[in-house]
Amino acid sequence: MKKRLFFLLPFVLLAFILQSCKSGSDSSIIAGQVIEEANGAPIQDALVEITSPENLAASAETDSSGSFSFDVNIAETANITLEVSKPTYQTATTKFKIGAGKSVDDLTIRLTSEDSGGDDGGGDDGVGGEAGGAHAIELTSLSRTSINIAETGGITNASFTFVVRDSAGRAINLDHSEEVAFSIIENPNGVDASITPEVVTTNADGKATSNISAGKIAGVVKIQALIQRSDINVAIRSKPVAIAIHGGFPYADRTSMSVEKSNFEGLNFDGVRDQITVIVGDKYSNPVKPGTAVYFETTAGIIQGSNTRHTDEDGFVTVDLISGGDRSLLNNHPTLGYGYAEITASTFNEADQKITKKETVLFSGGPTYNDIELTPAPFSIAANSSVNFSLTVTDENDNPLPAGTTVSIEVAEGLEITGGGIEIPNALLPGPGVTDFEFTVADVDDEKSNTQGTQITITVETPKGVKVSRSFSGDRSKTR
């Protein structure tokens with residue numbers, strides 16, 4: 001017994017080491033078997049595709065035991081969608097969740113045979129005799145549903161195979177071989193992809209294989225296979241097959257950042273959100289490849305994706321800046337003074353050089369009584385005349401109030417105001433139209449002849465409901 005344990009010890013240690021290495025990696029295995037729904041028999045040459053998320057898109061064919069496997073890198077928990085298809089079978093879709101560095105290797109996917117099904121992709125359903133002439137053409141395999149534009153360092157081409165069948169669903173043989181012409185039939189973005197070879201003669205299994213290679217323009221194209229049967233004057237076309245061609249590495253001049261609100265009500269409230277958006281393009285003006293990493297940080301508050309976020313199909317990344325934390329950090333802006341924070345987004349170009357974009361955001365506070373100032377005050381309005389007023393409204397730090405703050409002006413009976421409807425705009429710095437406003441008040445009462453006191457009331461209300469009013473006294477002089 002001791003000798004046996006001693007003999008097994010190296011293997012136990014090796015297994016322990018391999019398991020330890022695996023647990024520290026982001027590599028994940030997705031594997032399983034495709035079988036017949038009716039009898040459990042394995043299905044060979046079924047096409048298994050990861051269709052979601054886009055950045056993990058891949059495809060594989062099952063082997064003679066119906067098995068398939070993907071080795072993918074998963075940085076964060078992902079919702080996976082697998083689509084399994086084979087001619088003469090109904091397509092099946094499987095969805096599951098997988099964590100970073102975890103594996104799902106026990107999938108069993110069952111395909112149901114269609115009426116015209118077969119056991120080897122021939123589609124003859126037991127039909128005997130020699131295959132006839134071409135009647136239909138269909139896709140049987142596609143190595144990738146998405147590729148990258150040239151010069152990105154990623155995979156830039158995909159292979160595809162179509163099978164030509166006769167009217168009984170059997171793959172045609174060499175006696176009935178046909179030339180299959182491949183072409184790009186839909187190309188809305190002017191993608192400069194190419195197919196090589198463009199014309200292929202079917203082999204003994206009725207199959208024709210070619211490749212699509214990306215150029216320097218991203219987009220989605222559709223390819224089609226075409227057979228011209230001159231003997232019966234018939235054109236046979238396949239269903240279009242979509243291929244996504246993704247953009248390249250980030251390029252500084254094609255990358256920008258914007259904020260939803262330059263002045264949001266984050267000074268005195270926690271949990272107020274301000275949306276930050278980054279768009280990343282490559283040097284050919286395409287959106288970068290989906291899944292490109294973008295990193296965020298802020299000098300104050302909290303920002304989503306402070307570790308990393310990834311671009312979508314259009315090169316966008318959107319996160320929220322959230323008010324909270326120590327407000328003394330708002331002292332850190334080098335030029336604008338208290339209340340301002342700097343947001344930084346960064347990514348890396350093809351030379352692994354950092355691309356950085358910055359935006360400044362104001363954590364606006366609310367108004368106080370003394371932050372509402374009117375000139376002239378006190379005031380005097382002569383009979384049948386008007387006075388031009390200057391109004392200044394700011395937050396407690398003399399910065400602009402939050403975007404969307406309303407300022408209403410009320411005057412006493414017998415007076416009329418012009419230019420009183422005010423809403424604080426999306427603005428970073430104080431100035432005319434942001435903190436400084438003008439309006440006119442005119443005397444419109446011709447009946448009363450005596451001089452009497454009057455007032456103007458200014459009311460400021462922020463989006464969070466902070467409301468402050470201040471009244472200014474004056475008189476209406478009716479001396480004629």
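From a predicted model like this one, the values you see are computed outputs, not experimental measurements. This chain uses plain numbering: 1 for the first residue, then up along the sequence.
Around CD of Glu438, the count of heavy atoms belonging to other residues, nucleotides or ligands within 6.0 Å does not exceed 12. By the neighbour-count criterion of 12 heavy atoms within 6.0 Å, atom NZ of Lys357 is densely surrounded, having more than that number from other residues, nucleotides or ligands.
In this structure, Arg327 contributes its side chain and Leu267 its backbone to a donor-acceptor pair below 3.5 Å. In this structure, the side chain of Thr156 does not engage the main chain of Ile149 through any donor-acceptor pair within 3.5 Å. Proximity of a side-chain donor or acceptor of Ser143 to a complementary backbone N or O of Ser159 within less than 3.5 Å is detected. The backbone N or O of Glu54 lies less than 3.5 Å from no partner atom in the side chain of Ser52, so there is not a single donor-acceptor pair. Side-chain atoms of Asn399 never come within 3.5 Å of backbone atoms of Gly337 as a donor-acceptor pair (strictly under, hydrogens ignored). Remark: the backbone N or O of Ala345 is not paired with any side-chain donor or acceptor of Thr356 at under 3.5 angstrom. Without hydrogens or angle criteria, Asp282 side chain to Gly247 main chain gives no donor-acceptor distance under 3.5 Å.
One finds the CD atom of Glu83 at 5.5 Å from the CD atom of Glu49 (value rounded to the nearest 0.5 Å). To the nearest 0.5 Å, atom OG of residue Ser473 and atom CD of residue Gln455 are 6.0 Å apart. In this structure, CD1 in Ile212 is found 5.5 Å from CD1 in Ile243, a value given to the nearest 0.5 Å. Taking CD of Glu423 as the reference point, atom CD of Glu461 lies at 11.5 Å (rounded to 0.5 Å).
No side-chain heavy atom of Lys86 sits less than 4.5 Å from a side-chain heavy atom of Leu47.
Under the 30°/60° scheme for interplanar angles, the aromatic rings of Phe182 and Phe162 are found to be tilted.
Applying the side chain to side chain contact (heavy atoms under 4.5 Å, CB included) rule to Lys464 yields the partners Glu265, Phe269, Val272, Thr462; only residues at least two apart in sequence or on another chain are considered.
For an aromatic pair to be called close, the ring centres must be under 6.0 Å apart, and Phe379 with Phe472 fails this.
Residue pairs meeting the ring-ring contact (aromatic ring centres under 6.0 Å, His included) criterion with at least one partner in residues 311-368, sequence neighbours excluded, are Phe264-Phe363.
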